[in-house]
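What follows is one structure encoded as structure tokens, with my remarks underneath.
Both counts, for ligands and for their atoms, begin at 1 and track the order of listing. Only a predicted model underlies this, so the values are computations on that prediction, with no experimental measurement involved.
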Amino acid sequence: MNVAILAVSILLNILFGGYVFAQNKKNATNIIFFILSFVISIWLGIFYLSLVPFSSTVNLVLVRLSLLFAVIMTLFFYFLAWVVPQEKFVMKKIHFFFIVFITCLVAGIAFSPLSFQSVAFINGFPTPAPGPGLAVFGLYVIVGAMATLVILGKKITTRKGDQKRQLIAILAGFLLMYILLIGTVFLPVALFQNTMFVPFSPFYALLFLLLTGVAILKYHLFDVRIVATEIMVSVLVVLLLFEGLTSGSIREVLFKLFMATVVGFLGIAVVRSVYREVKQREEVTHLAESLEQANLRLQELDKQKTEFLSIASHQLRTPLSIIKGYIELIEDGAYGKPTQKLRETLRDMDMSNERLIHLVDDFLDVSRIEQGRTKFNFAPHDMSALVTDVADELRARAEGKGLAIVWNPPKGVSEIRMDEEKVRHVIFNFIDNAIKYSDAGDIAVSLALERGGMAVRVRDNGIGFGKVDEANFYQKFYRGENVKGVSVEGTGLGLYVCKKFIEAHQGEVWAKSPGAGKGSEFGFWVPVK
Ligand code: ADP
């Protein structure tokens, strides 16, 4: 290792520290990080120089200085652990002064003859003679490092999310640096005067600084993948630079520097793309969260609407029944014999009232379904008889529009367990709709035994519908595209209720049509079991 390489790594350290500082000059974390990177750099320089044989006086000063800076470094590691990730440095005065006092004391001892008395050159290697003060120094560094670890560890257990990951990265960098420095640099130097790994110490420091710096900068978008990529790229570039600067000829140096630059640019592109991807993923997560919230809100609104519907309908139902009763009483002459004119008016009133009752009943059905209050009475009933019943009930209305209901009951048994009221409601709705939505042709009703169940089909030659409608008919409040502009009233609730009733029988419903104006088929199937 030569001085140039050391200088490059020190420069990188300080530049990076300065960059982190520049990102937020008021933030205590950034400030302390900057100071720490500075102190580490100075220490690296002095430590390196202390291993170069100058003269016994110069080397003595250097070796003491390297101890002094190691003390200051320990203090700032502690401060960094203390402050991260806050913006302000908050520490009790007494705590602060105590630590600073102890640090000054140990620094004094480190720089005094108590630590190293002299330096001799053994085999040309500068070997300082240790004094008793060295133990104090050792104790200080060990306790300091422990305290730093404890603070970081404590914070990690109490913080969550981004902050937690950020702290883990710093802790990992710190541990890694200490372990590498002690294991590969200090112990070999102290025990065997082996300086083989000394050139790596700037790397170790850089590793810590990179991890910590990135953790501080990416406070809001701290992702292990990004950090890992960044560190890999940085290490690669630095390695190439080192290699380039140590290679022999100018041509080689230039070529390797060029390579380092290319790798650097490619690396930046890679880091950017990883960054973008992570950011996008975060955005998607964020969107999903707000969507979920919106969904919950909608569900809540839907529930409120159902409750409102339920209350309103109950309030409406009673007066409508009373009106119906009075209309019948008047028709029956309870208040004197009604004139012909009055009879006609009464019939109109009754029809409007019936429509309203029907509507309110639909509302009530819907709110009962949605609140899970629908009661079902399953018992064996004859499906064929039921269809006959409903067809007879609606025949007059169909004939009023010039339509014929064609219904041929199949031969054989058609008994099935079902809630007769609910299934009647469904058949009634299908035939009623067929009458409503067609102006000519027959309405063919059929019953078939199939797939271990019974299928009822109502076919008409009415307005038909397209694919969009087909997919949506059984939804709540859906009125088809096919009825836009047609003067037929409706709420879009009928089929929804039908579907729910049939589903309660473990059955299914469908709607088919060859197209607009070509008639349609509405049907349901229920299993026999
Ligand atoms: P409403 O009839 O009150 O609008 P429904 O739920 O009974 O509500 O029907 C929903 C929609 O299904 C209707 O608006 C209409 O577009 C369509 N529809 C139902 N029956 C028929 C039919 N026999 N022919 C064509 N379209 C129909």
Side-chain angles (χ1 to χ4, degrees), residues 305-306 309 313 316 320 351-370 374 387 390-391 393-395 397-407 421-447 455-504 507-525:
K305 190 214 66 220
T306 309
L309 212 68
S313 316
L316 286 170
L320 288 176
M351 254 162 62
S352 300
N353 195 48
E354 273 302 326
R355 256 214 317 266
L356 219 55
I357 288 176
H358 192 74
L359 192 83
V360 172
D361 282 347
D362 273 353
F363 281 156
L364 279 172
D365 279 337
V366 169
S367 58
R368 266 197 290 266
I369 287 169
E370 309 228 309
T374 320
V387 178
V390 179
E393 191 181 339
L394 286 168
R395 186 155 283 123
R397 189 183 304 177
E399 279 162 5
K401 269 189 95 175
L403 306 164
I405 296 181
V406 182
W407 159 239
E421 269 316 301
K422 305 290 187 293
V423 177
R424 173 192 294 276
H425 182 97
V426 176
I427 302 171
F428 186 96
N429 254 276
F430 283 178
I431 302 181
D432 189 46
N433 275 344
I435 300 170
K436 246 164 77 175
Y437 297 113
S438 43
D439 294 317
D442 292 342
I443 293 170
V445 185
S446 66
L447 167 64
V456 174
R457 293 184 168 80
V458 178
R459 296 198 185 88
D460 62 46
N461 294 298
I463 59 175
F465 48 84
K467 288 285 163 215
V468 179
D469 277 348
E470 186 176 319
N472 289 301
F473 273 155
Y474 288 96
Q475 292 194 42
K476 194 168 32 160
F477 291 115
Y478 185 83
R479 297 213 69 211
E481 296 288 324
N482 61 349
V483 294
K484 291 209 168 122
V486 177
S487 63
V488 180
E489 284 174 33
T491 54
L493 283 177
L495 291 181
Y496 170 75
V497 173
C498 293
K499 178 172 180 234
K500 292 288 170 185
F501 284 173
I502 293 301
E503 278 173 356
E508 59 190 45
V509 290
W510 63 85
K512 288 185 203 159
S513 170
K518 295 183 182 151
S520 41
E521 171 187 316
F522 284 79
F524 69 86
W525 171 89

Those protein residues which place at least one heavy atom below 4.0 Å from ligand 1: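 Within 4.0 Å of ligand 1, the protein residues are Asn433, Ala434, Lys436, Tyr437, Asp460, Ile463, Phe473, Tyr478, Arg479, Gly480, Asn482, Val483, Gly490, Thr491, Gly492, Leu493, Gly494, Leu495, Ser520, Phe522.
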Side-chain contact test, heavy atoms from C-beta onward, threshold under 4.5 Å: evaluate it for [X] versus [Y] and give yes or no.
X	Y	result
Trp510	Arg457	yes
Ile443	Trp407	no
Asp362	Tyr496	no

Roughly how far, to the nearest 0.5 Å, is the CD1 atom of Ile427 from the CG atom of Asp432?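 Output value for this atom pair is 13.0 Å.
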Please confirm whether Phe473 and Phe465 have ring centers closer than 6.0 angstrom.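 Ring-ring flag for Phe473/Phe465: true, centres closer than 6.0 Å.
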For Tyr478 and Asp469, does a side-chain donor sit closer than 3.5 Å to a side-chain acceptor?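 Note: Tyr478 and Asp469 side chains meet the donor-acceptor criterion.
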